Amino acid sequence: MTKTNMVPVPSLGIIPERDVNRMPILDIHHLGIDFGGLHAVEDFNLVIGRTEIAGLIGPNGAGKTTVFNLLTNVYTPSRGVILLDGVDIRGKKTWQLNEMGIARTFQNIRLFNKLTVEDNVKVGLHNICRYSTLEGVLRLPRYWKMEKEAHEKAMELLSIFDMQHMANYVAGSLPYGAQRRLEIVRALATNPKLLLLDEPAAGMNPSETAELMQNIRKIRDDFQIAIMLIEHDMNLVMGICEGIAVLNYGKIIAKGTPDQIKADPVVIEAYLGRQGEESLHAEG
Amino acid sequence: MTKYKNLSSPTKNMVSTFALVIGLFLILQILLLTGSVSSLVKGQLVPICAYIVMAVSLNLTVGILGELSLGHAGFMSVGAFSGVVMSSVLKQAGASDGLRLFVSILTGCVFGAIVGFLIGIPVLRLKGDYLAIVTLAFGEIIKSIMNNLYIGLDASGLHVNMLKDNLNMTDGRVIISGPMGVSGNDKLSTFFAGFLLILFCLFVIFNFVDSRAGRAVAAQRDNYIATESVGINVTKYKLTAFTISAGMAGMAGTLFALNYSTVVASKFDFNTSILVLVFVVLGGLGNMKGSILAAIVLTLLPELLRAFSTYRMLLYAIVLILIMLITNNPEMKHVVDTVLSRIKGLFRRRKGGAVND
């Protein structure tokens, strides 16, 4: 893998060199949310470049998934500003945020279990292949045209993970790894600018993880989108992420390139405890 | 892994449901022509059609949308009374019976859908049991309003009021007279119209389910948050499905009301909502064929049990329980499956024999 040069930008973040002259896809300032008296996420600042693969890591309960839920307005932030492609997303609903370009997967897989694999992807294509409900009920020409297009697009997207032959299977009956991949395909179907992956490699074996790494990179290259991922598998995070943020107790304790993060004593202490230095090197 | 095709493909399901309805209609037509249908059953043909439409429309809400609605008779009531008023207006205008029935059913659909839409806005924000309770309440509210509604028609047009004395009629006729309901209604509904209405509703439902909107509805039933996360305005599609369902209930109401000379609001009460829900649950959630068959059997059953006079409803309940037990019993299902596959095997052998010859 060729190493990306990460450069500092004015708002205290770092982004890949190739993205410097373009508006960052995500620019988060002082983001925070309280649950009762608990500051689940506090003073969260992050910049992500247009085609960056960013990692968000941290011990269990650090607030990583909460950050994703704030970005998709599953939770409404208590404080802070999120700029998506330069636009403030305050007050937008989850489905509007998807239309604006944020797509995500879930830590505990959320597929449409009773629908077929193809229909799962077609639900993702909802806003891409459009026709009105009336056109659908009356089977007007636009329905046939758009449904044909949706079928072709769904098959094309499934082919990223070589899943075309599974199109007619019921999603809930797929093996775990395939379900995770299908969730990524469904998110990609919405034509996002920023893809949020919540533990994409959870439950996968090492060879599946290696394949997933290649696929994530391929998705970034083919679709030219930014990808932000939460992951506990250090091989994956250190292998493909260009910028990494480490979260602990709701606060960012370190930001940097994989090499910087690996060497950061604060991270090692927070992540693995004081004696954990060796194991991080072993894993990474 | 289960292949969806092996379970049932949507198209196959749609074709077989239409075949079932058309087949039953043709058989009944032949029986009617040969005069072998008792007057008891003959009188139930239109109500059965209305109940089938009710059952398939409620199946859209309960089976496909996945929300338990206990106020479906309310929409039927709205459709019934708006349809009756329209038919009276058209009578004054001198329209033909067929046109009156058609426009009345359309009116029932529009009013049912409007009320469904308005009720759907607050109701669909709720989930599960709470939604069921609130639909129950709205069903009762509609019944109470209809029970106190007076509508009269004279030369100057329609008069609507909640008090009889305030109608301000000079001459003309009171169409809806509060708790006394409608009397002297023209019986416009025909079995054929009911049959066409069923076909229309099935057409709409199957096409809706197998479209972009239908997928959105099915997706939110499986996983609400994931559906929103792929950019679907879930509330919009829930409301669409609920409105369609209410509009169909309105059409069923008009068909039902125009089959009788007197109609009262108390007919469309909680019991009717539950009765239709029983059709849906017995027939299977999301299973249109099941809803149709359940509506037919359970509408005819009380009539066929009339011979037992006092014990009629007791026997009805027992038969209902037995059907539920038998259809949900895996061993019974196995027996039925074995018999069916043997019958299929017989046919196959015969076909094979023909080829060998």
Side-chain angles (χ1 to χ4, degrees), chain A residues 69 72-74 93-100 102-106 109-120 122-139 143 146-147 150 166-175 178 183 186-187 189-192 196, chain B residues 1-12 14 60 63-64 66 109 113 117 200-245 247-248 285-286:
Chain A
N69 283 336
T72 52
N73 203 29
V74 173
K93 298 204 171 72
T94 304
W95 62 271
Q96 289 170 320
L97 288 172
N98 178 266
E99 282 189 323
M100 291 174 72
I102 301 182
R104 72 174 290 188
T105 67
F106 297 88
I109 304 174
R110 288 175 179 272
L111 284 173
F112 310 125
N113 285 330
K114 286 178 196 141
L115 304 188
T116 62
V117 169
E118 187 183 335
D119 278 350
N120 267 270
K122 279 184 179 171
V123 174
L125 288 164
H126 187 86
N127 290 324
I128 310 297
C129 301
R130 280 170 177 272
Y131 55 85
S132 73
T133 306
L134 195 68
E135 282 169 327
V137 168
L138 297 179
R139 292 286 191 261
Y143 163 86
M146 285 299 164
E147 282 294 306
M166 295 179 178
N168 288 320
Y169 290 107
V170 176
S173 72
L174 293 182
E183 241 199 339
R186 185 183 67 189
T190 65
N191 197 17
L196 307 176
Chain B
M1 286 190 277
T2 331
K3 246 195 174 165
Y4 192 67
K5 268 185 185 155
N6 296 345
L7 296 175
S8 70
S9 89
T11 330
K12 218 199 271 176
M14 179 171 164
L60 179 61
I64 291 156
C109 175
F117 178 77
F200 171 73
C201 290
L202 287 175
F203 175 82
V204 171
I205 289 177
F206 278 116
N207 282 354
F208 177 79
V209 170
D210 188 24
S211 78
R212 175 173 171 263
R215 275 195 302 268
V217 170
Q220 66 81 31
R221 183 193 56 198
D222 269 10
N223 204 310
Y224 188 93
I225 293 176
T227 312
E228 283 210 309
S229 86
V230 292
I232 295 175
N233 182 356
V234 174
T235 318
K236 179 181 153 192
Y237 287 100
K238 281 176 89 172
L239 201 53
T240 308
F242 195 71
T243 307
I244 292 176
S245 173
M248 285 179 183
L285 296 182

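All of these numbers come straight from a predicted model, not from anything done at the bench. Proteins come first, then strands; the chains are lettered A, B, ... in the order of their sequence lines, and each starts at number 1.
- At least one donor-acceptor pair closer than 3.5 Å links the side chain of Arg139(A) to the backbone N or O of Asn207(B).
- In this structure, CG on Leu97(A) lies 11.0 Å from OG on Ser229(B), to the nearest 0.5 angstrom.
- In this structure, CG in Leu111(A) is found 9.5 Å from CG in Asp222(B), a value given to the nearest 0.5 Å.
- The minimum heavy-atom distance linking Glu228(B) with Asn98(A) is given by the pair O-CB, 4.5 Å.
- Atoms OH and OG1, from Tyr224(B) and Thr94(A) in turn, are 9.0 Å apart once rounded to the nearest 0.5 Å.
- Under a 3.5 Å cut-off, the side chain of Arg212(B) and the backbone N or O of His126(A) do form a donor-acceptor pair.
- Atom-to-atom distance recorded for Ser211(B):OG and Glu135(A):CD is 10.5 Å, nearest 0.5 angstrom.
- Chain A forms more heavy-atom pairs under 4.5 Å with one residue of Asn223(B), Val204(B), Val209(B) than with any other, namely Asn223(B).
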Verdict with supporting geometry, Tyr143(A) and Asp210(B), side-chain contact (heavy atoms from CB on, under 4.5 Å): CA-CA 11 Å; Tyr143(A) 163 86; Asp210(B) 188 24; 3.9 Å; yes
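- Counting only heavy atoms from C-beta outward, the side chains of Thr133(A) and Tyr237(B) approach each other to under 4.5 Å.
- With a threshold of 4.5 angstrom between heavy atoms, Thr240(B) approaches chain A through side-chain atoms but not through N, CA, C or O.
- Taking 4.5 Å as the limit, some side-chain heavy atom of Trp95(A) sits within range of a side-chain heavy atom of Asn233(B).
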